[in-house]
2 protein chains.
Amino acid sequence: MTTQRKPSSHTTRRNEASRRAILAAAFELVQEVGYAKLNIEGIAARAGVGKQTIYRWWPSKGAVLFDAFLMLSEQPDGGETALPDTGDLEADLKAVLRATIEELNDPRYDEPMRALNTEITHDPALAAFYAERLGGPMRELKKQRLRSAQRAGQLAEDLDLDVAVDLLWGPLLNRWLQRGGALTPGYADSIVKTALNGLRPRR
Amino acid sequence: MTTQRKPSSHTTRRNEASRRAILAAAFELVQEVGYAKLNIEGIAARAGVGKQTIYRWWPSKGAVLFDAFLMLSEQPDGGETALPDTGDLEADLKAVLRATIEELNDPRYDEPMRALNTEITHDPALAAFYAERLGGPMRELKKQRLRSAQRAGQLAEDLDLDVAVDLLWGPLLNRWLQRGGALTPGYADSIVKTALNGLRPRR
DNA sequence: TCTTCGAGACGAGACGGATCGTCTCGAAGA
DNA sequence: TCTTCGAGACGATCCGTCTCGTCTCGAAGA
């Protein structure tokens with residue numbers, strides 16, 4: 001991935017146009033042919049680039065795909081700065097989870113995101129890098145919204161916010177990855193409502 | 001997979017010893033070399049079998065691996081008939097989730113199960129078959145235990161048991177797949193406790 | 001300021017190796 | 001006699017490396 005450059009020399013000479021063309025081609029191709037049939041030669045051909053230019057800068061197919069995601073998230077609007085905070089925690093969470101679902105259901109993102117998950121599952125190094133660059137910051141946004149609610153007394157005082165995030169997003173992502181059923185807005189609402197209230201009856 | 005045989009002809013002549021050898025070899029090899037480097041020729045060599053014998057009966061690498069799991073689950077002790085029900089719901093759930101964690105952390109199962117998840121993620125047909133043969137029955141066991149608790153008034157009356165199962169196991173599996181942190185017994189306890197009580201404060 | 005020159009990155013593609021999935025063979029067995 | 005079996009040859013594909021000749025850029029020298 002980009003960050004694995006050798007210390008000095010490099011860096012300046014790199015052709016930015018080629019880099020962008022490669023990442024765009026990788027992202028397009030994984031949608032079209034699927035992750036299994038995605039190959040370097042195809043990416044190079046689509047990008048109008050020599051294979052060596054890819055091998056020079058990225059160590060693996062997964063790293064290319066990962067950088068493609070980084071590129072998206074760093075670009076226009078891809079990275080939001082905060083989650084909505086209207087004061088109504090349940091409504092806000094439902095909105096955010098519905099948005100997540102919409103993204104997962106979007107055919108433009110479905111295959112690429114599955115591919116990214118596959119790489120992460122099989123490569124601990126990539127998983128660590130993902131956690132640092134994408135997963136971590138996103139999780140922090142979620143925790144910020146929850147922390148705000150916690151201060152307002154809407155969440156249990158001793159609540160572990162990491163567990164809370166897992167409880168809200170884990171079911172969603174797991175159902176999506178395992179194809180355990182359709183991801184509908186109603187399902188998102190159900191998760192939020194049940195997670196907030198708990199499985200036990202409230203008197 | 002086995003169920004994709006052509007209607008008649010086949011079936012009788014099939015060499016059961018070869019079938020078992022192939023599935024065992026696939027399961028061993030995926031542990032040793034990882035999913036990415038698992039290949040048909042290797043499985044055939046390890047099983048002492050011609051490649052064609054594999055291609056004759058299975059449509060893909062994933063299908064072989066899937067059948068290997070089916071073989072395990074149908075064998076001794078692989079399939080349990082019910083979850084523990086001592087009357088103490090929280091303790092029972094913690095025990096079950098701890099057991100799940102132990103299995104996921106077991107190096108014998110880690111790689112093969114990641115591989116299976118990868119196949120499911122990228123192949124809807126395999127996902128449907130998995131849901132029918134393995135996922136569905138296991139989910140039913142979990143729902144049975146929850147239903148028992150619901151009848152005892154320990155769970156909300158209007159609780160959707162599918163959502164409840166997702167809420168308990170989703171976070172666990174998601175953290176495991178995404179390598180979002182260590183799966184410890186304490187984490188399992190935390191999930192159970194938080195899911196049961198909910199994120200909101202209880203007075 | 002203008003020219004020269006070396007260092008890399010670049011597009012293109014040849015190359016050997018690995019694995020794919022198909023195909024063919026003779027042996028074994030039902 | 002008919003199908004599966006183990007074994008392995010086969011062409012195709014993709015791998016990752018390597019070698020071309022071209023280009024861009026910054027430093028050195030006039």
Side-chain angles (χ1 to χ4, degrees), chain A residues 1-26 28-30 32-65 67 115 118-119 122-123 125-126, chain B residues 1-2 4-26 29-30 32-67 115 118-119 122-123 126:
Chain A
M1 48 209 95
T2 354
T3 52
Q4 292 184 348
R5 292 170 193 154
K6 285 164 217 153
S8 63
S9 65
H10 275 177
T11 310
T12 44
R13 310 295 284 257
R14 186 164 186 181
N15 186 332
E16 181 65 14
S18 292
R19 182 182 152 270
R20 301 181 91 81
I22 289 167
L23 298 183
E28 290 168 22
L29 271 176
V30 79
E32 296 175 17
V33 306
Y35 177 66
K37 292 185 178 176
L38 177 69
N39 61 322
I40 302 283
E41 300 203 347
I43 298 174
R46 165 79 61 114
V49 143
K51 281 176 18 172
Q52 188 57 31
T53 301
I54 298 182
Y55 284 110
R56 182 159 26 232
W57 299 105
W58 290 275
S60 70
K61 185 170 78 174
V64 176
L65 209 57
D67 266 14
T118 295
E119 286 294 330
H122 289 96
D123 182 349
L126 200 61
Chain B
M1 53 210 93
T2 354
Q4 293 185 349
R5 291 170 194 152
K6 285 163 221 154
S8 62
S9 67
H10 279 176
T11 309
T12 43
R13 299 297 196 91
R14 185 166 188 180
N15 185 333
E16 180 65 13
S18 291
R19 181 182 154 271
R20 301 179 92 80
I22 289 167
L23 298 183
L29 270 177
V30 79
E32 297 175 16
V33 306
Y35 177 66
K37 292 185 178 177
L38 177 69
N39 60 321
I40 302 284
E41 302 206 348
I43 298 175
R46 165 79 61 112
V49 142
K51 283 177 14 174
Q52 187 57 33
T53 303
I54 298 182
Y55 284 109
R56 184 156 27 231
W57 299 106
W58 289 276
S60 71
K61 186 169 77 171
V64 176
L65 209 59
F66 185 90
D67 266 13
T118 295
E119 287 294 329
H122 289 96
D123 181 351
L126 200 61

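We name chains A, B, ... by the order of the sequence lines, and we start the count at 1 in each one.
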Protein-nucleotide distance ([X], atom [atom1]; [N], atom [atom2]), rounded to Å:
{"X": "Gln52(B)", "N": "dT3(D)", "atom1": "CD", "atom2": "C1'", "result": "13 Å"}
{"X": "Tyr55(A)", "N": "dA12(C)", "atom1": "OH", "atom2": "P", "result": "16 Å"}
{"X": "Lys61(A)", "N": "dG16(D)", "atom1": "NZ", "atom2": "C1'", "result": "14 Å"}
{"X": "Glu41(A)", "N": "dA12(C)", "atom1": "CD", "atom2": "C1'", "result": "12 Å"}
{"X": "Leu38(B)", "N": "dA18(C)", "atom1": "CG", "atom2": "C1'", "result": "15 Å"}
{"X": "Glu16(B)", "N": "dG29(C)", "atom1": "CD", "atom2": "C1'", "result": "17 Å"}
{"X": "Ile54(B)", "N": "dG8(D)", "atom1": "CD1", "atom2": "C1'", "result": "14 Å"}

Please tell me if [X] has a side-chain N or O lying less than 4.0 Å from either OP1 or OP2 of [N].
{"X": "Asn39(B)", "N": "dC20(C)", "answer": "yes"}
{"X": "Thr53(B)", "N": "dG6(D)", "answer": "yes"}
{"X": "Arg56(A)", "N": "dC10(C)", "answer": "yes"}

Residues touching DNA chain D, which here means a heavy atom under 4.0 Å, drawn from residues 43-51 of chain A: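 Only Lys51(A) qualify.
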Nearest-neighbour nucleotide for the Ser18(A) side chain, dC10(C), dC15(D), dC5(D) considered: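 Nearest nucleotide to the side chain: dC10(C).
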Trp57(A), nearest nucleotide to its side chain (from dG16(D), dG6(D), dC10(C)):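 Minimum distance to the Trp57(A) side chain belongs to dC10(C).
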Nucleotide pairing, DNA chain D (Watson-Crick or G-U, distances under 3.5 Å), in dot-bracket with [ ] and |: ||||||||||||||||||||||||||||||
Measuring from atom [atom1] of [X] to atom [atom2] of [Y], what distance do you get when rounded to the nearest 0.5 angstrom?
{"X": "Arg20(A)", "Y": "Asp67(A)", "atom1": "CZ", "atom2": "CG", "value": "12.0 Å"}
{"X": "Asn39(A)", "Y": "Lys51(A)", "atom1": "CG", "atom2": "NZ", "value": "9.0 Å"}
{"X": "Trp58(A)", "Y": "Ile22(A)", "atom1": "CH2", "atom2": "CD1", "value": "4.5 Å"}

Cationic tip of Arg19(B) above Trp57(B) ring, under 6.0 Å, 45° of axis: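 Here Arg19(B) fails the 6.0 Å and 45° test against Trp57(B).
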